Participant: 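Got a structure for you, questions after.
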Amino acid sequence: MRMTTEEAFVKVLQRHGIDTAFGIIGSAFMPISDLFPRAGIRFFDCAHEGSGGMMADGFTRASGRMAMIIAQNGPGVTNFVTAVKTAYWNHTPMLVVTPQAANRTIGQGGFQEVEQMALFRDMVCWQEELRDPARIAEVLDRVIRKARRASAPAQINLPRDMFTKIIDIELPQGVDLPRPAPDAQALDRAAALLSSARFPVILNGAGVVLAEAIPDTVALAERLEAPVCTGYQHNDAFPGSHPLFAGPLGYNGSKAAMQLMSQADVVLCLGTRLNPFSTLPGYGIDYWPKAAAVIQVDINPDRIGLTRPVTLGIAADAGAVARGILARLGAQAGDQDRAERAARIATTKSRWAQELASMDHEEDDPGTNWNERARAAKPGWMSPRMAWRAITAALPPEAILSSDIGNNCAIGNAYPSFAAGRKYLAPGLFGPCGYGLPAIIGAKIACPETPVVGFAGDGAFGISVTELTAIGRADWPAITMVVFRNYQWGAEKRNSTLWYDDNFVGTELDLQVSYAGIAQACGLQGVVARTMEELTEALRKALADQAAGKTTLIEALINQELGEPFRRDAMTKPVVVAGIDPADMRPQPR
């Protein structure tokens with residue numbers, strides 16, 4: 001069949017159902033984008049390419065449908081770097097299209113030229129550069145399939161002089177491969193360990209959500225009467241209302257989950273690479289069970305046993321493993337101490353729920369008093385935990401939430417729970433600031449009938465605030481965004497109080513800035529909430545307005561209390577050896 005290279009490219013996109021793209025328009029890919037309207041492909045031109053990549057991440061995580069990101073070669077493409085690495089650690093399949101400088105000029109250091117393949121080598125699961133126009137459909141098809149198989153971003157690099165060529169090709173049929181099946185002997189051994197367990201615990205990770213295996217883990221947990229914890233930032237990997245759900249582990253997670261995990265004699269880790277934030281101590285509890293048999297299930301064999309010693313590793317789809325173990329359990333599996341275990345789970349959860357409901361303020365470490373001073377400075381202001389309780393009072397159960405990185409968002413880790421997967425979009429282990437707003441925009445584009453709420457601290461929000469200039473257009477859906485306004489970079493300020501004697505270098509934000517005012521200047525609704533009651537009411541109204549097509553930014557004013565530092569294990573108190581003297585500063589030579 002005769003066609004142009006851009007027609008071949010778009011036809012492959014159509015065959016894979018990729019109908020949504022994010023980026024900023026550029027001449028390097030206009031032969032493709034010119035065909036988007038006729039092809040049924042929506043192009044969302046964001047304010048910054050980095051935010052566009054995070055929109056694509058939110059789009060796919062909320063819906064399971066893959067999106068494409070594309071931008072001008074050079075500086076447009078380099079702006080995707082943070083978003084692509086974020087998607088990589090979020091296990092998000094993504095088509096990364098990077099138009100390149102023309103073959104005839106590359107290497108001359110020309111306009112908007114950079115080594116784009118080298119740039120993304122550590123950030124994608126697969127990458128190819130088109131060498132011949134006639135191969136454009138074959139290469140694109142393979143890149144898309146690689147992204148889906150690895151559940152990660154994959155890159156196609158397209159020299160811009162490959163377009164507007166007439167080629168004679170057959171569109172590729174491709175081969176879809178099933179997910180890896182578990183080894184039967186490994187399933188037998190896992191079932192034997194769990195059948196004889198006195199106190200089994202299940203830990204669900206992102207792989208359970210990606211495999212749509214939550215019902216399988218529910219069935220397995222009920223058969224074993226096993227409490228189920230979730231990994232850090234994966235609160236939606238088990239139904240929050242289920243009596244066996246213990247909550248998230250890791251930073252600012254559920255104390256109940258940590259206490260129950262500490263008692264395990266067998267731990268089944270499903271669909272998780274056991275990232276460090278999911279197993280680090282919390283609330284002073286070193287909860288990871290030292291003597292337990294640990295079964296780790298991950299679709300990527302390279303991740304098994306990487307961060308924690310394991311007794312048994314199974315490289316396979318989490319759902320297939322859960323079903324296989326359930327079918328092999330012994331007749332008496334879970335019966336030992338079943339009633340006592342159920343009572344212990346319920347008591348532990350109830351005790352934590354009461355404690356969490358009464359937690360208004362953050363504690364100071366011995367020798368520090370920042371939180372005490374913060375409360376005294378603004379006695380009438382909400383604390384972060386008060387704000388989160390006010391928020392949860394207004395959230396509908398079906399809502400999709402996004403979270404940014406940062407102290408106030410992390411404090412909220414213990415609060416939201418979900419009835420289904422693909423409802424909680426957190427920035428993941430790459431930890432980019434500026435994720436909350438673009439991710440929730442992408443989620444709303446993917447799921448227009450579902451209420452969505454994004455969250456960010458004021459420092460992180462400043463990185464993506466430019467998207468307020470993009471989302472008010474008629475073809476963009478309405479969203480709701482909550483910004484915690486305490487005028488500081490909280491996580492870094494907590495580090496400064498603990499290790500640097502309140503030497504606040506670069507932690508203070510401009511007191512004159514009003515994010516609600518910026519939203520209003522962009523034609524959106526901007527609201528300030530100063531009390532718990534105002535915040536709850538503002539969020540309820542914003543969600544009603546969202547259904548009516550109106551975007552609202554809520555600026556929640558909170559005091560400057562600071563929660564736990566992200567990594568106590570990664571910081572040490574500095575010591576003075578040689579000393580630093582400002583008199584040693586010399587003028588630069590001219």
Side-chain angles (χ1 to χ4, degrees), residues 6-26 28-72 76-77 79-80 83-84 86-88 90-99 124 140-141 143-148 151-156 158 210 400 402 422-423 425 435-450 452 454 464 467 470-479 546 549 551:
E6 53 268 27
E7 287 172 336
F9 189 95
V10 169
K11 286 180 181 295
V12 173
L13 294 179
Q14 289 177 312
R15 286 196 168 197
H16 285 277
I18 296 177
D19 61 3
T20 306
F22 298 89
I24 292 180
I25 194 68
F29 67 95
M30 278 187 170
I32 300 174
S33 60
D34 179 60
L35 300 178
F36 283 175
R38 279 172 278 169
I41 296 172
R42 301 177 299 170
F43 180 64
F44 288 91
D45 48 330
C46 52
H48 187 280
E49 292 92 348
S51 292
M54 293 179 189
M55 290 177 194
D57 185 70
F59 178 95
T60 298
R61 292 178 67 189
S63 67
R65 305 196 310 274
M66 188 158 63
M68 173 175 72
I69 61 173
I70 188 167
Q72 179 69 7
V77 166
N79 282 345
F80 278 141
V84 171
T86 299
Y88 181 85
N90 283 341
H91 318 292
T92 301
M94 179 184 292
L95 175 59
V96 181
V97 182
T98 55
V124 297
L140 177 59
D141 180 79
V143 168
I144 293 171
R145 292 180 189 278
K146 291 287 188 180
R148 284 210 172 103
S151 198
Q155 176 195 11
I156 180 170
L158 296 169
L210 296 175
I400 298 173
S402 75
R422 300 194 179 278
K423 294 291 188 179
L425 313 177
Y435 182 84
L437 175 61
I440 209 63
I441 294 169
K444 186 66 175 183
I445 290 169
C447 307
E449 303 305 318
T450 304
V452 304
S464 58
E467 296 311 318
I471 62 178
R473 289 170 285 181
D475 52 341
W476 291 63
I479 58 103
Q546 183 186 132
T551 288

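As the structure is a computational prediction, the values presented were derived from the model and not from experiment.
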Participant: Side-chain contact, heavy-atom cut-off 4.5 Å: K444 with I400?
Facilitator: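 K444 does not reach I400 side chain to side chain.
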Participant: Kindly give the heavy-atom pair with the smallest separation between M55 and C46, and that separation in Å.
Facilitator: CE-CB, 3.8 Å
Participant: Determine whether I441 and F22 make a side-chain contact, defined as any pair of heavy atoms from C-beta on separated by less than 4.5 Å.
Facilitator: no
Participant: Would L158 and L140 count as a side-chain contact (heavy atoms from CB on, under 4.5 Å) if you check the C-alpha gap in whole Å, the side-chain angles of each, and the deciding distance to 0.1 Å?
Facilitator: CA-CA 10 Å; L158 296 169; L140 177 59; over 6 Å; no
Participant: Would you give the length of the straight line joining atom NE2 of H48 to atom CG of N79, rounded to the nearest 0.5 angstrom?
Facilitator: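 These two atoms lie 3.5 Å from each other.
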Participant: Work out which heavy atom in A147 is nearest to a heavy atom in M66; give both atom names and the distance.
Facilitator: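 Result for this residue pair: CB-SD, 3.9 Å.
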Participant: I need the I445 CD1 to I440 CD1 distance, nearest 0.5 Å.
Facilitator: 11.0 Å
Participant: Determine, step by step, whether F9 and L35 satisfy the side-chain contact (heavy atoms from CB on, under 4.5 Å) criterion, reporting the C-alpha distance in whole Å, the side-chain angles of both residues, the deciding distance to 0.1 Å, and the verdict.
Facilitator: CA-CA 10 Å; F9 189 95; L35 300 178; over 6 Å; no
Participant: State, yes or no, whether a side-chain contact exists between R473 and D45 at a heavy-atom distance under 4.5 Å.
Facilitator: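 Yes, side chains in contact.
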Participant: For M94 and V124, what are the C-alpha separation, side-chain angles and deciding distance, and is it a side-chain contact (heavy atoms from CB on, under 4.5 Å)?
Facilitator: CA-CA 9 Å; M94 179 184 292; V124 297; over 6 Å; no
Participant: Rounded to the nearest 0.5 Å, what's the gap from OH on Y435 to OG1 on T86? Could you check?
Facilitator: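 One finds 7.5 Å between OH of Y435 and OG1 of T86.
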Participant: Measuring from atom CG of N90 to atom OG1 of T60, what distance do you get when rounded to the nearest 0.5 angstrom?
Facilitator: 11.0 Å
Participant: Would you name the heavy atoms of T450 and K423 that are closest together and state the gap between them?
Facilitator: CG2-NZ, 3.9 Å
Participant: What pairs meet the salt bridge (charged side-chain N to carboxylate O under 4.0 Å, His left out) rule with one or both residues in residues 46-72, with sequence neighbours excluded?
Facilitator: D57-R61
Participant: What pair of heavy atoms forms the shortest contact from L13 to I41, and how long is it?
Facilitator: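 Shortest heavy-atom separation between L13 and I41 comes out as CD1-CD1, 3.8 Å.
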Participant: On a heavy-atom basis, which atom in P477 and which in T551 lie closest, and how many Å separate them?
Facilitator: O-OG1, 4.1 Å
Participant: Using the side-chain contact (heavy atoms from CB on, under 4.5 Å) rule, take I24 and Q72 through it: C-alpha gap first, then chi angles, then the decisive distance, then the call.
Facilitator: CA-CA 7 Å; I24 292 180; Q72 179 69 7; over 6 Å; no
Participant: Compare every heavy atom of H91 with every heavy atom of S151, then report the nearest pair and how far apart it is.
Facilitator: OG-O, 2.7 Å
Participant: Is the closest side-chain heavy-atom distance between I70 and P99 below 4.5 Å?
Facilitator: yes
Participant: Enter the distance from I69:CD1 to M54:CE here, rounded to the nearest 0.5 Å.
Facilitator: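 Interatomic distance, I69 CD1 to M54 CE, rounded to 0.5 Å: 10.5 Å.
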Participant: Under 3.5 Å, is there a donor-acceptor pair between the side chain of Q14 and the main chain of A39?
Facilitator: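 Pair found, side chain donor or acceptor close to backbone of A39.
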Participant: What is the distance from atom CD1 of I32 to atom CE of M68, rounded to the nearest 0.5 Å?
Facilitator: 6.5 Å
Participant: Which class fits the ring pair F44 and W476: parallel under 30°, tilted 30 to 60°, perpendicular over 60°?
Facilitator: perpendicular
